[in-house]
Undergrad: 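Got a structure for you, written out below as structure tokens; questions coming shortly.
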Amino acid sequence: MEERSSEPELVSIPATPKVSTPPLTPDILSSSHSHAVTPSGQRSPRPLSSSLISLSNPASPPPPLKTPRTPWTPSSLISPRFLSPIGTPMKRVLVNMKAYLEDIGHLTKLNPQDAWLPITESRNGNAYYAAFHNLNAGIGFQALILPVAFTFLGWSWGIISLVIAYCWQLYTLWVLVRLHEAVPGKRYNRYVELAQAAFGEKLGVWLALFPTVYLSAGTATALILIGGETMKLFFQIVCGPNCESNPLSTIEWYLVFTTLCIVLSQLPNLNSIAGLSLVGAITAITYSTMSWVLSVSQPRPPSISYQPLRSPSFSVTALSLLNSLGIIAFTFRGHNLALEIQATMPSTLKHPAHTPMWKGAKVAYLLIAMCLFPIAIGGFWAYGNSMPAGGMLNALYGFHSHDIPRGLLAVTFLLVVFNCLSSFQIYSMPVFDSFEAGYTSRTNRPCSIWVRSGFRIFYGFISFFIGIALPFLSSLAGLLGGLTLPVTFAYPCFMWVLIKRPTRFSFSWYLNWTLGILGIAFSMALSAGGVWSMVNSGLKLKFFKPS
């Protein structure tokens with residue numbers, strides 16, 4: 001840019017201009033116009049200078065001497081003298097309006113009913129809450145039965161399957177986070193809502209409602225099984241072999257655990273249980289680490305073998321392998337809560353909700369990987385194919401109840417109980433939300449505290465009655481993993497294709513269609529393996545008995 005002087009400058013035309021200049025054509029004259037940008041963004045041409053007019057017409061008299069030029073200041077560039085003074089106030093109004101729109105958000109069309117429901121009642125979540133909830137939902141008792149899958153898969157296929165499943169579910173989690181606000185002005189606060197937007201109103205309900213409700217209810221039932229049994233083992237360890245009290249039966253311990261879950265479930269909404277999710281995350285990381293460290297530090301059982309278990313019948317072996325893959329799939333079963341967790345966060349144009357959600361999810365799943373891989377590899381190394389069907393807790397109690405200090409073993413079991421109580425709350429929240437959505441849509445008013453408490457008491461005891469009639473944990477995990485696998489591994493890929501519409505035959509198009517089809521095929525196969533495992537177990541709970 002040419003440097004300007006602050007001194008006044010006089011410009012004159014030479015007296016005898018003999019220089020031959022080419023005549024200025026209209027094109028040259030039009031191109032010589034300089035433009036200025038107004039505050040509204042329009043370009044305004046400056047008037048043609050008098051020196052150019054005199055050059056284009058030599059017969060015209062020389063222009064008069066110019067008056068001293070006003071010193072150049074930045075304000076002269078922002079608001080030129082030939083513009084109306086209204087431009088600057090109008091620009092300020094537009095800038096303020098843009099900032100206001102960025103602050104209030106996407107002008108999302110709000111449903112008044114959302115303010116009455118547990119998932120969307122509070123929207124003050126942040127990245128920390130997202131990390132707590134994802135950790136609580138993504139790691140828990142299912143990690144304790146991962147070594148059971150390795151007894152049928154072996155070292156190589158067990159590790160390969162676990163790595164593939166982890167990478168696959170991490171990609172689909174990113175897809176769900178990005179699809180939460182895929183349509184401007186609309187937030188898909190629940191998994192079923194996103195399925196309806198992708199597959200249609202009726203088909204979306206049929207495809208997503210059953211697996212998500214089944215996953216929430218099935219996980220709650222499995223939590224009652226493992227929580228009640230762990231409480232029983234904790235009492236036996238603390239009481240000791242010479243305890244004279246009359247111990248409770250297993251079903252009675254299930255009832256005690258269910259009662260505790262119902263008491264904690266009276267917290268109103270998803271954000272109100274952030275503290276419980278933090279407790280659940282800390283306890284899950286702690287007992288997962290303690291379980292594999294204690295197992296690896298103790299002498300291994302005699303005649304240990306790492307050869308995968310096989311049956312003389314090919315069909316039985318194949319179904320056992322499928323059930324093992326279902327256990328791995330069930331380990332990554334938290335995607336039915338991803339949209340619900342993101343719905344608890346505020347979202348604006350400047351600060352969309354997917355930013356804190358993805359930050360929290362990345363931290364959570366890094367910690368999840370640091371827990372799942374060591375417990376699967378370390379547990380199988382410690383016990384091999386002697387791993388009991390109940391998982392790591394039963395192995396610790398059955399093989400090392402006399403080797404490990406009772407206090408340390410009791411603390412491990414108590415941490416499992418705390419984690420199960422916390423996980424029950426977050427997995428039950430979508431069911432509570434469905435109950436209250438049905439009530440508010442019929443009555444057009446929010447649930448009272450008594451109605452809300454009644455729904456949660458009813459759900460807790462229904463899960464208890466279902467739990468006492470179901471088989472042991474590993475069979476339930478395989479069936480749950482098979483039936484709910486599309487929620488994590490298949491549906492998000494189809495949703496991305498139907499909503500984002502990537503270019504046909506592009507890499508994203510091929511990737512999502514391939515993963516989605518493979519997810520559906522695996523779901524059907526793993527469900528068959530889970531059903532066979534339930535039938536083969538004789539519908540009986542199998543745990544180690546105290547010696």
Side-chain angles (χ1 to χ4, degrees), residues 101-127 129-130 132-134 137 176-202 204-205 208-209 212-213 216 265-274 276-277 334-357 360 425-456 459 487 495 499:
L101 292 176
E102 289 179 344
D103 287 338
I104 65 172
H106 298 275
L107 297 179
T108 305
K109 184 179 180 181
L110 300 177
N111 183 2
Q113 187 184 5
D114 283 345
W116 301 339
L117 301 180
I119 290 176
T120 51
E121 188 176 23
S122 173
R123 291 189 185 269
N124 60 350
N126 50 43
Y129 284 16
F132 300 160
H133 289 316
N134 278 286
L176 289 176
V177 170
R178 301 298 299 185
L179 288 179
H180 179 82
E181 295 172 285
V183 178
K186 173 68 176 176
R187 293 184 69 177
Y188 298 110
N189 298 317
R190 296 161 185 85
Y191 197 99
V192 177
E193 294 177 5
L194 183 61
Q196 288 178 307
F199 304 118
E201 292 291 332
K202 294 183 178 180
V205 172
L209 185 61
T212 53
V213 172
S216 296
S265 68
Q266 302 308 312
L267 293 172
N269 54 61
L270 190 55
N271 269 341
S272 65
I273 66 170
L276 282 177
S277 292
H335 283 30
N336 63 311
L337 296 169
L339 296 172
E340 284 79 356
I341 295 172
Q342 194 169 347
T344 64
M345 301 178 185
S347 183
T348 65
L349 290 173
K350 188 182 296 184
H351 304 289
H354 67 80
T355 302
M357 176 63 183
Q425 309 308 318
I426 192 169
Y427 270 94
S428 300
M429 198 59 70
V431 181
F432 299 157
D433 188 85
S434 299
F435 286 162
E436 296 186 27
Y439 176 85
T440 55
S441 62
R442 287 178 174 84
T443 61
N444 197 26
R445 62 182 179 184
C447 292
S448 65
I449 186 173
W450 301 109
V451 173
R452 175 172 285 181
S453 298
F455 282 145
R456 302 184 181 197
Y459 173 74
V487 174
M495 293 172 182
I499 295 178

Undergrad: How long is the span from the CG atom in Leu117 to the SG atom in Cys447, to the nearest 0.5 Å?
TA: 8.0 Å
Undergrad: Checking Tyr427 now: which residues fulfil side chain to side chain donor-acceptor pair (under 3.5 Å) with it, not counting sequence neighbours?
TA: Arg333
Undergrad: What do the steps show when you test Val183 against Tyr188 for side-chain contact (heavy atoms from CB on, under 4.5 Å), and what is the final call?
TA: CA-CA 9 Å; Val183 178; Tyr188 298 110; 3.3 Å; yes
Undergrad: My understanding is that only residues two or more places apart in sequence, or in another chain, count here; which of them pass side chain to side chain donor-acceptor pair (under 3.5 Å) with Asn444?
TA: none
Undergrad: Looking at every heavy atom in both Thr120 and Ala343, which two are closest together, and how far apart are they?
TA: CG2-CB, 4.2 Å
Undergrad: For the NE2 atom of His351 and the CG atom of Asn126, what is their distance to the nearest 0.5 Å?
TA: 13.5 Å
Undergrad: Out of curiosity, Glu121 CD to Leu270 CG, how far, rounded to the nearest 0.5 Å?
TA: 11.0 Å
Undergrad: Measure across Pro356 and Met345 and return the closest heavy-atom pair with its distance rounded to 0.1 Å.
TA: CG-SD, 3.8 Å
Undergrad: Please list every donor-acceptor pair under 3.5 Å in which a side-chain atom of residues 429-436 meets a protein atom from a residue at least two apart or in another chain.
TA:
unit_1	atom_1	unit_2	atom_2	d
Asp433	OD1	Ile119	N	3.4
Asp433	OD1	Arg190	NH2	3.4
Asp433	OD2	Arg190	NE	2.8
Ser434	OG	Pro430	O	3.0
Glu436	OE1	Arg452	NE	3.3
Glu436	OE1	Arg452	NH2	2.9
Glu436	OE2	Arg452	NE	3.0
Glu436	OE2	Arg456	NH2	3.2

Undergrad: Supply the atom-to-atom distance Tyr191 OH to Thr212 OG1, rounded to the nearest 0.5 angstrom.
TA: 8.5 Å
Undergrad: With the side chain counted from C-beta on, respond yes when Ile273 and His133 share a heavy-atom pair under 4.5 Å apart, and no when they do not.
TA: yes
Undergrad: Start with the C-alpha distance between Arg187 and Leu339, add both sets of side-chain angles, then the distance that settles side-chain contact (heavy atoms from CB on, under 4.5 Å), and finish with yes or no.
TA: CA-CA 9 Å; Arg187 293 184 69 177; Leu339 296 172; over 6 Å; no
Undergrad: Report the distance from atom CG of Leu267 to atom CD of Gln425, rounding to the nearest 0.5 Å.
TA: 7.0 Å
Undergrad: Could you check if a side-chain atom of Ile426 sits within less than 4.5 angstrom of a side-chain atom of Leu276, using non-hydrogen atoms only?
TA: no
Undergrad: So which pairs with a foot in residues 336-346 pass salt bridge (Lys or Arg N to Asp or Glu O under 4.0 Å), sequence neighbours left out?
TA: none
Undergrad: Please evaluate residues Ile499 and Leu194 with respect to the criterion side-chain contact (heavy atoms from CB on, under 4.5 Å), reporting the C-alpha separation (whole Å), side-chain torsions for both, the decisive distance (0.1 Å), and the verdict.
TA: CA-CA 9 Å; Ile499 295 178; Leu194 183 61; 3.6 Å; yes
Undergrad: Of His354, Gln342, Glu181, which is the lone residue that meets side chain to side chain donor-acceptor pair (under 3.5 Å) with Ser347?
TA: Glu181
Undergrad: Taking the side chain as every heavy atom from C-beta outward, state whether Asn189 and Arg123 have any atom pair closer than 4.5 Å.
TA: yes
Undergrad: Tell me every residue that passes ring-ring contact (aromatic ring centres under 6.0 Å, His included) with Tyr439, counting only those two or more places apart in sequence or in another chain.
TA: none
Undergrad: Sequence neighbours excluded, which residues qualify as side chain to side chain donor-acceptor pair (under 3.5 Å) partners of Ser122?
TA: Asn124, Asn271
Undergrad: For Ala130 and Gly360, which heavy atoms make the closest approach, and how far apart are they?
TA: CB-CA, 4.2 Å
Undergrad: Using modelled atom types and a 3.5 Å cut-off, is there a donor and acceptor pairing between side-chain atoms of Thr344 and backbone atoms of Ile341?
TA: yes
Undergrad: Please report the closest heavy-atom contact between Ala195 and Ala208, naming both atoms and the distance.
TA: CB-CB, 3.5 Å
Undergrad: Hey, is the main chain of Trp450 close enough, under 3.5 Å, to the side chain of Ser453 for a donor-acceptor pair?
TA: no
